[in-house]
Novice: 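Quick one: the structure is below, and I'll ask about it shortly.
Letters A, B, ... are given to chains in the order of the sequence lines, protein chains preceding strands, and every chain is numbered from 1.
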Protein chains: 2
Amino acid sequence: MTSNQATGRAGRSAVAGGIKEALAAGDMVPGQRLVEQELSEVFGVTRSSVREALQDLAAEGLVELIPRRGARVRVISVEEAVQITECRALLEGLCARRAAEYASDTVRRELQDIGADMRRAVADGDPDAYSVLNRRLHERVGEVSGQKVAQALLDRMNGQMVRYQFRLALRPGRPAQSLPQHLAIIDAVVAGDPDAAEAAARAHVDSVVEALRDTPAPVRPG
Amino acid sequence: MTSNQATGRAGRSAVAGGIKEALAAGDMVPGQRLVEQELSEVFGVTRSSVREALQDLAAEGLVELIPRRGARVRVISVEEAVQITECRALLEGLCARRAAEYASDTVRRELQDIGADMRRAVADGDPDAYSVLNRRLHERVGEVSGQKVAQALLDRMNGQMVRYQFRLALRPGRPAQSLPQHLAIIDAVVAGDPDAAEAAARAHVDSVVEALRDTPAPVRPG
DNA sequence: GTCAGGCATATTGTCAACAATTTCATCGAC
DNA sequence: GTCGATGAAATTGTTGACAATATGCCTGAC
């Protein structure tokens, strides 16, 4: 973390990025107030930069902006997380379908490698490595699908889900549970079977819905 | 249109709203430069308000913001419009499914009324009325589905599609073509058949993809 | 002891001037 | 005649001061 006096456009993304990180790390709890001057001192930027960064975060749905009352970290209810995940299921399904149709041989091999690595990560009981591979899998599939629009929507939603994803990944046995689903997606894409790929991706994300449903509210707001 | 000297928060949404309107009306063509001072004079607000409004529009994907070079009306290619529509199909499908599951008797009756009005509009050859009913149908379905997240995404995408929707609605015979599809959605929701509702909604939006595919680029950029 | 009113403070919102950068046209060299 | 440099104008970006508003505390009446 560079604590240089960043200014202007650099400052803007520095603040936005910093808050995102803090959010992912759990250093900022939902409902927490975000005071402009405070942030400007912490990040060493002007209040204008903070202001613009907060606008950006609000547009991404990570922060709630109440007129004359300032910004708060937005609380995402379990219900909302479920809805987000339902939407994700559809969009991931679309991406998987298109990936199965369009993926080059190189990518298909790459996906197989990711699958093998995932197997290993689960066998080794390394949820951290699994999480990284998980991200890479979804990322590669989205990329090769050519569905830029769907991908942008998914990115956005993933940003809102950081808190929940963190909690889910920590659950013992969760990787073992999702591994076969991920492998099914990979197999279908590699085999070039669009219907199977879409179904597998949907089934996978739907199982996340299940997992979410018996998640307690992640953090007491306030 | 009030050309009062709006200031502050009011000014901000006044500009954003005004630009959206101009965009929908075709008064602003994609690629057109949006100069801050010019807009501030037209709308009678300070440049700060214009600036923030442009940020909002950029976040919605309606405007492209290039550092040090200003804002331009974003060009949405046919390819992108198709992708947007593909995503819409999925999300509309989800909403229709949930609507079929959860709609109250009152809403079901309301939807039937909309269907009847649509029939009439087509019979009368009134594409304008049909367009309004179309919007209301999708709106009501989204509302009753309880899918706030999907609805928010759809709103966003509809905003980006204004230009294309306008052109499509003008095509002679288009309402007659989409009428049975809309009626199918309504019937399925009214009948409480989720699978049929989802299928009908998807089929409808997929047919929009077809229509888009043989649309010439809507406006010469620049 | 509780509640209403008013004051002090913290915080956000607005603005206009200033700085930095890009753009475009003009001019000169080859 | 074309290409590149130069400078002026237009435009965006930044800053700090000032204004408006909300919040919480303190006081005093009942």
Novice: Rounded to the nearest angstrom, tell me the gap between atom CZ in A:R72 and atom P in C:dT11.
Specialist: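 Rounding to the nearest Å, CZ of A:R72 and P of C:dT11 are 13 Å apart.
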Novice: Checking contacts here: which listed nucleotide (D:dT11, C:dT12, C:dC15) is nearest the side-chain heavy atoms of B:V35?
Specialist: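 The answer is D:dT11.
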Novice: Please determine, by modelled atom types, if B:E60 and B:Q160 share a side-chain donor-acceptor pair under 3.5 angstrom.
Specialist: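 Side chains of B:E60 and B:Q160: no pair found under 3.5 Å.
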Novice: Roughly how many Å is it from CG in B:L39 to C1' in D:dT11, rounded to a whole number?
Specialist: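 Rounded to whole Å, this separation is 12 Å.
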Novice: Please report, rounded to the nearest Å, how far the P atom of C:dT21 is from the CD1 atom of B:I66.
Specialist: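 That distance rounds to 18 Å.
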Novice: How many Å lie between CZ on A:R12 and P on D:dT14, as a whole number?
Specialist: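 Nearest whole value for this atom pair: 9 Å.
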Novice: Return the CG to CD distance between A:L94 and A:Q147, rounded to the nearest 0.5 Å.
Specialist: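 With rounding to 0.5 Å, CG (A:L94) is 4.5 Å from CD (A:Q147).
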Novice: Look at all strands and tell whether A:L34 reaches a base, only sugar-phosphate, or nothing, counting heavy atoms closer than 4.0 Å.
Specialist: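 Counting heavy atoms under 4.0 Å across all strands, the contact made by A:L34 is with sugar-phosphate only.
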Novice: Below the 4.0 Å mark, does C:dT14 have OP1 or OP2 next to a side-chain nitrogen or oxygen of B:T46?
Specialist: no
Novice: Whole angstrom is fine here: how far is it from CG in A:L54 over to C1' in C:dG13?
Specialist: 14 Å
Novice: On the nucleotide D:dT12, are OP1 or OP2 found under 4.0 Å from the side-chain N or O atoms that B:R69 carries?
Specialist: no
Novice: Nearest-nucleotide wise, let me know which of B:R33 and B:R47 is further upstream toward the 5' end of DNA chain C.
Specialist: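 Its nearest nucleotide lies further toward 5', so the answer is B:R47.
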Novice: Are any of B:R51's side-chain N or O atoms less than 4.0 Å away from OP1 or OP2 of D:dT12?
Specialist: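 Negative; the distance criterion is not met.
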Novice: Could you note down all residue pairs passing ring-ring contact (aromatic ring centres under 6.0 Å, His included) where residues 128-163 of chain A supplies at least one of them, sequence neighbours left out?
Specialist: A:Y130-A:H182, A:H138-A:H182, A:H138-A:H204
Novice: Which whole-number value in Å describes the distance from B:E36 CD to C:dT22 P?
Specialist: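 These atoms are roughly 15 Å apart.
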Novice: For A:Q181 and A:S207, test the side chains for any donor-to-acceptor distance below 3.5 angstrom and give the result as yes or no.
Specialist: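 Judged by distance alone, the side chains do pair up.
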Novice: With respect to the side chain of B:R68, which nucleotide from D:dA22, C:dC15, D:dT12 is positioned closest?
Specialist: D:dT12
Novice: Which heavy-atom pair separates B:A121 from B:L133 by the least distance, and what is that distance?
Specialist: CB-CD1, 4.2 Å
Novice: What is the distance, to the nearest angstrom, from the CD atom on B:Q37 to the C1' atom on D:dT12?
Specialist: 11 Å
